[in-house]
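Only one structure is covered here, and it is reproduced in the block below.
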Amino acid sequence: MNLSHFIAVYAFLFYLSMCKGYLTTHRFFTRRTIETSRCRSLLSAGGTSLSSSASSSNVAKYTSLSAPVSASKVERKTFNRFMQIELWRTPELEALYPILCSIEVACRDINRLMRRISTDNLDGLHGNINVQGEDQKKLDVIANRIMKNALCCSGKISIVASEEDERPCLCSAVTDNSNSAFSNGEFAAVFDPLDGSSNIDSGLPTGTIFGIYQNPKYGPRDPLTTTTQKGSELIVAGYCLYSAACHIVITLRTGLHIFTLDDVTGEFYLTRSNVRIPRSGPIYSFNDANAATWDPAVNYFLSDLKTKSIRNKSCSKNPSARYMGALVADVHNILINGGIFGYPGSKIKPEGKLRLLYEANPIAMMIEEAGGMASNGFGRILDMPVKDVHQRTPLFVGSVDEVSELQRYMTFFQAGSK
Ligand code: AFP
């Protein structure tokens, strides 16, 4: 063997030993990452038993080194962790953390009740009629109580306004603690505790919609003034969707993010961040049964939409109708797939059905944050003055192509009618 042969054999052996070392190191680190992730999820489960078959299969999935492990699965970020990081980046919002945690807990609790409606006899009416003149369901009342307790006990909210209550109230009244710190929080919450409650008895999707305002720095800080700020003043807007999966969709005005409840660990995990609504989409979501009562502009728009003859529509898919009768569920579908949701005014009720404060404003803030558009038919929802806490408004939200076009039809027909 001459020198060149010797060098070649030596180099080959060195290469083999490097490969072996790399594989050992790689396996070690992969195992470490997986173990760390498992520990984290066990800890964050807060004592949730992992002995069920579903749980053990989950553990098996994470411990099996042969299974492909995607980075997103290993590094799942919980709702709480995500919010800690988000608020650390914007220190002026740090005080929101307990509020966000309380919303997460309330959504989880309401979701649990939704899953037990039939088995725990939670369906049916409560027997009361709410301020809107609607029959309250048992769960309307329970969800309202859960939301008010959770928000007020965060210690950062001083005023709550619920769609189910006649007027906004101080947290000290909610907690029956007249002289306490419960009135000192610097934020106010507005919410619809159980949106789409007509869907409850048939097991269809429902939701909770919420928004957070900062109490005015100057001037009166009474419950009414504080909660009747314009939608553009919202600092947090979101909803919980109780459906095939339970999602929290939320914006702190730094993008719109989706978290999904993992039934095994009981944690909400970030499943989509910085969601963008498609510029145009195939879905249109309107209660067609009311068509005869709508402004003719809406019917012209929908008829042109169905025949694919509206202008500037960049989506080439065939139009498709979807309507669940729960704003959260219908808007979520539009957010993911693109298109337009509409609840127009009628001849008898020009202001429509949906509430500006509890429904339209938070939804509008979220859709805009995702790059979509929210209109009352003639202008931006978020710019509408709020004169009354139970004020209603026509609402059109979704992809920019469809909503801007609807607005063009409305403006044209209104001008023609003068
Ligand atoms: P309920 O809470 O009474 O079911 O009303 C739900 C809702 O406010 C909203 O979530 C729906 O988009 C809208 O009403 C559906 O109303 P219609 O049944 O008139 O279509």
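In each ligand, atom 1 is the first atom listed, and ligand 1 is the first ligand listed. Residue numbers run from 1 in the order of the sequence given.
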| Distance-only, no hydrogens or angles: does the Asn199 side chain make a donor-acceptor pair with backbone N or O of Pro205 under 3.5 Å? | yes
| task | Without swapping roles, check the side chain of Gln229 against the backbone of Thr226 for a donor-acceptor pair under 3.5 Å. | result | yes
| Can you tell me if the gamma sulfurs of Cys240 and Cys107 fall under 2.5 Å? | yes
So if I count the atoms of ligand 1 from 1 in the order they appear, which ones are less than 4.0 Å from some heavy atom of [X]?
X      : value
Asn287 : 17 (P), 19 (O), 20 (O)
Ser197 : 1 (P), 2 (O), 4 (O)
Ser198 : 1 (P), 3 (O), 4 (O)
Arg355 : 8 (O)
Tyr323 : 15 (C), 16 (O), 17 (P), 20 (O)
Leu327 : 9 (C), 10 (O), 11 (C), 12 (O)
Asp195 : 9 (C), 10 (O)
Leu354 : 8 (O), 9 (C)

| query | Taking N or O atoms only and a 3.5 Å limit, does Gly196 qualify as a polar contact for ligand 1? | reply | yes
| query | Within the structure, does Asn199 bring an N/O atom to less than 3.5 angstrom of an N/O atom in ligand 1? | reply | no
| said: Can you report which non-hydrogen protein atom sits closest to atom 5 (O) of ligand 1, along with the distance? | reply: Lys353 NZ, 3.4 Å
| query | Considering only the protein, which heavy-atom contact is closest to atom 19 (O) of ligand 1, and what is its distance? | reply | Tyr343 OH, 2.7 Å
| Is the closest heavy-atom distance from Asp330 to ligand 1 below 4.0 Å? | no
Looking at [Y] and [X], is any side-chain nitrogen of the basic one under 4.0 Å from a carboxylate oxygen of the acidic one?
X      : Y      : answer
Arg408 : Glu405 : yes
Arg76  : Glu267 : no
Asp165 : Lys148 : yes

| Aromatic ring proximity, centroids under 6.0 angstrom, Phe396 and Phe341 | no
| note | Restricting to heavy atoms, the pick from Glu359, Arg392, Gln136 nearest atom 8 (O) of ligand 1 would be Glu359
| said: Do Gln391 and Met384 make a side-chain contact, defined as non-hydrogen atoms from C-beta onward lying under 4.5 Å apart? | reply: yes
| Will you find, in the side chains of Ser197 and Asp140, an N or O donor that is under 3.5 Å from an N or O acceptor? | yes
